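First the proteins, then the strands, lettered A, B, ... as listed; each starts at 1. Keep in mind the model is a prediction, meaning the values are calculated, not measured.
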Amino acid sequence: MNTYLNTLNEAQKQAVIQKDGPMIIIAGAGSGKTRVLTYRIAHLMQQGVDSFNILSLTFTNKAAKEMKARIAGVVGASEAKNLWMGTFHSVFARILRSEADKLGFPSNFTIYDTQDSVRLITAIIKEMNLDKERYKAKQILGRISSFKNSLITVRAYFNNSDLQEADLHASRPKVGDIYKEYVDRCFKSGAMDFDDLLLRTNELLARFPEVLAKYQSRFKYIMVDEYQDTNHSQYIIVRSLADKFENICVVGDDSQSIYSFRGANIQNILNFQKDYPDVKTFKLEQNYRSTKNIVNAANSVIARNKTKLDKEVWTSNDDGDAINVMRTISDGEEGRFVAQSIWENQINHQLTSDSFCILYRTNSQSRAIEDALRKKGIDYKIYGGISFYQRKEIKDILSYLRILINPNDEEAFKRIINYPARGIGATTIDKLTIAANHYKKSIFEIVRYIDKIDISINSGTKNKLQNFMNMMLRLQIESQTKNAFEIAEIVVKQAQLIKDLEKEGTPESVSKVENVQELLNGIKDFITDKIEQGEEASLTTFLEDVALATDFDANKDDDKPSVSLMTIHQSKGLEYMYVYIVGLEENLFPSAMSMNTRSELEEERRLFYVALTRAEKVAYLTYAQTRYRWGKLVDAEPSRFLEEIDDQYLQYLTPKAINPIINNFVDKSIFDDAPKGIRFQKPIQRKKMDRDLVKKKEIVIPKNMKKVSQTSAKTNLFDENVVVGNIVEHNRFGTGEVLSLEGSGPNKKAEIKFGTVGKKKLLLQFAKLRVIG
DNA sequence: GATGCCAACTTTTTT
DNA sequence: AGTTGGCATC
């Protein structure tokens, strides 16, 4: 018993065994935070705390799942099952469902994603006849979102002259009216957006003392991970729930607070000690993840931030390699460098692709990297960007399912009323919306009782509407006796969704059909999973999962090893042996939108800190001199963050082939008779810092560059110039002899006799052969 | 009301 | 560069 305690260091152990009262664990990057949290929960349970009384809030659903699994390993699966564990959004969505009637919501309320919210606001702005240039839907949503996250309700807004004045000043006097209409329409649709899941929870706890008391007594022990990234709304929920027992344990690292753009308030963690004067503070400062070089380099950068808690991250790991800095002429070249480097590191160190991760500031940067990886034949997995569930064909099907559960869901209804096309156009939908607002009913009900109301729609269109409604009502009845998968299948068939796509016959529509198929499979998997775990497998839970799922949750891990690509934000909490941070350029990282204030810049710096501390062994920092942005080639300057790292931890790689731009255009030999001393350098010295970097460090021969430079010097090692008789090496088949060649250009094939698998005919452009003799 | 073409916008990060 | 929405035309 308690053997797990012996695997912890002293600081970790103290944090694990501290049972009661408020406590804060300040956990440096890579300091075993998850382990401490996991063991702390397991320890509580071993001390006799009922799992039902423990609430643990994590940052992602994936983190919750993994922690639950690890706890189950210590205390047993059946014990771990009752733990309340998940993201703020999913835990409180669950609570809201069971208390929904108190707030006037149906228990199967819809969760609007950002897309739904933007569409609704767009519609409202249009209905109110406002100038959509002045009232940009996305911006208005952002404003409403920040109101909600600061617990400023519509009423509070209209009671707050400062806020109204600010909007007036910004020439947007109608923001409050839009806000009000938006909230009303969500309510009428039985829908909550992401921020509502927190705001409405606060409403529930504030307005119904008996509900608050119930959950206060239930959650005797509360733990909050990534506390530095909680917003005010989340903060108040936690404070209210913990108010009875004050057994509140928050974990976080102020140096990794990177979500202020969505309302996260770093003050929550900085002020925790003020909130609870008798707080016990624990600091986890030993880093187990990274080399000394990486830890020290990261420290040297974050030291420049002014607002932070006092802590010192250190490691007893090896020094490791210096951090590699690479400049390329373009973003395309940057991608090729990364791909080449990964390829070589894989070979040289016998690593699989899953040891590598490529991090970038913005999703749009992935394209150039992807191209390069694909050309090199390196498997990769990309997280983020447009999630599967956001695709049009998928959202359309989900909208059908949403309507079956909650017919009042306005956004879903508007999506499908004319999809597939059934002759119901914008004019009709406008009329229906007006009627719906007038009668204070949902559009669904208006259509359902279209005969009973006074509305100027011609009989042909009315007929179409009734046909549609009849189908929906039929589906509704069927859905009551079927499981989520069966319903989805019937919907796809009844609404002729696949048929509609197949009719198109374009390559895009073919892939859409595949996506629909994948969705159906996904629902099937979901159901089997849930049934196996003895959990609820209803359509409601499926749709909730979909709405709150992150990209990580959606991805299956059983694929073949692949390089991970993601934004830095998504990389929080993860670690990889090799990390490539690309696009280290001014206006990109730090972002041009985040350089106006000191605090914005500090957040960008924390972001860089997060990126660098993902690396266990080796880190590469790359930047390009030119980059395509908005379809245009623009010049780029190296990021200030490169300068901010203490020089002693860096080594600069600047291969000759890439360096002088002019050499790509002019054959140098034509100037062979020119006077000595002529410089083939660009005369304009734009990149001041860049020159300095090169001047200072060029002579240093990078420690681990030996292998790299060897191979990159002989580029023909990897290309298609093999001849009969060559001994070649193939990634999977090993070594073999080239027996014959046929075809030319992209179709050039080689017949090779491998020792392991015998004779093979391979297309050279894909085979990636290395000539070794 | 549907279709197809052009203009405008995009790219900061996400539950 | 790629996507989306608006507008003209059928």
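Partner A:His569 forms a ring-ring contact (aromatic ring centres under 6.0 Å, His included) with one of A:Phe261, A:Phe589, A:Phe59 and no other, that one being A:Phe261.
A:Arg185 meets the salt bridge (charged side-chain N to carboxylate O under 4.0 Å, His left out) test with A:Glu127, A:Glu181, A:Glu410; sequence neighbours excluded. A:Phe413 is linked by a ring pair (Phe, Tyr, Trp, His ring centres under 6.0 Å) to A:Phe444, A:Phe468, counting only residues two or more places apart in sequence or in another chain. Here A:Arg262 pairs with nothing under the salt bridge (charged side-chain N to carboxylate O under 4.0 Å, His left out) rule; sequence neighbours left out. Taking A:Glu514 as the reference, nothing meets the salt bridge (charged side-chain N to carboxylate O under 4.0 Å, His left out) condition, with sequence neighbours excluded. With sequence neighbours excluded, the residues that form a salt bridge (charged side-chain N to carboxylate O under 4.0 Å, His left out) with A:Lys392 are A:Asp396. Listed by chain and number, the residues in a side-chain contact (heavy atoms from CB on, under 4.5 Å) with A:Ser599 are A:Thr597 (sequence neighbours excluded).
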Quick test: give all pairs of protein nitrogen or oxygen and nucleotides 4-9 of chain B nitrogen or oxygen below 3.5 Å, distance rounded to 0.1 Å.
none

Report all interatomic pairs (protein N or O, nucleotide N or O of nucleotides 1-3 of chain B) with separations under 3.5 Å.
residue: B:dG1; atom: OP1; partner: A:Thr428; partner atom: OG1; Å: 2.7
residue: B:dG1; atom: OP2; partner: A:Thr427; partner atom: OG1; Å: 2.8
residue: B:dA2; atom: OP1; partner: A:Gly423; partner atom: N; Å: 3.1

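Between A:His89 and A:Lys138, the residue whose closest nucleotide on DNA chain B is further toward the 5' end is A:Lys138.
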Side-chain donor-acceptor distances from residues 192-205 of chain A under 3.5 Å, at least two apart:
residue: A:Asp193; atom: OD1; partner: A:Lys148; partner atom: NZ; Å: 3.4
residue: A:Asp193; atom: OD1; partner: A:Asp195; partner atom: N; Å: 3.1
residue: A:Asp193; atom: OD1; partner: A:Asp196; partner atom: N; Å: 2.7
residue: A:Asp193; atom: OD2; partner: A:Lys148; partner atom: NZ; Å: 2.8
residue: A:Asp193; atom: OD2; partner: A:Tyr182; partner atom: OH; Å: 2.8
residue: A:Asp195; atom: OD2; partner: A:Ser145; partner atom: OG; Å: 2.9
residue: A:Asp196; atom: OD1; partner: A:Lys148; partner atom: NZ; Å: 2.9
residue: A:Asp196; atom: OD2; partner: A:Lys148; partner atom: NZ; Å: 3.4
residue: A:Asp196; atom: OD2; partner: A:Asp193; partner atom: N; Å: 3.0
residue: A:Arg200; atom: NH1; partner: A:Glu203; partner atom: OE1; Å: 2.8
residue: A:Thr201; atom: OG1; partner: A:Leu197; partner atom: O; Å: 2.5
residue: A:Asn202; atom: ND2; partner: A:Ser233; partner atom: O; Å: 3.0
residue: A:Asn202; atom: ND2; partner: A:Ser233; partner atom: OG; Å: 3.2
residue: A:Glu203; atom: OE2; partner: A:Arg207; partner atom: NH1; Å: 2.4

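Judged as a salt bridge (Lys or Arg N to Asp or Glu O under 4.0 Å), the pairs with a partner in residues 226-238 of chain A (not counting sequence neighbours) are, in order, A:Lys33-A:Glu226, A:Glu226-A:Lys572, A:Asp229-A:Lys572. Counting only residues at least two apart or on different chains, the salt bridge (Lys or Arg N to Asp or Glu O under 4.0 Å) pairs with a member in residues 135-145 of chain A are A:Arg143-A:Asp167.
Taking a 4.0 Å limit (strictly below) on heavy-atom distances, residues 254-266 of chain A reaches DNA chain B at A:Tyr259, A:Phe261, A:Arg262.
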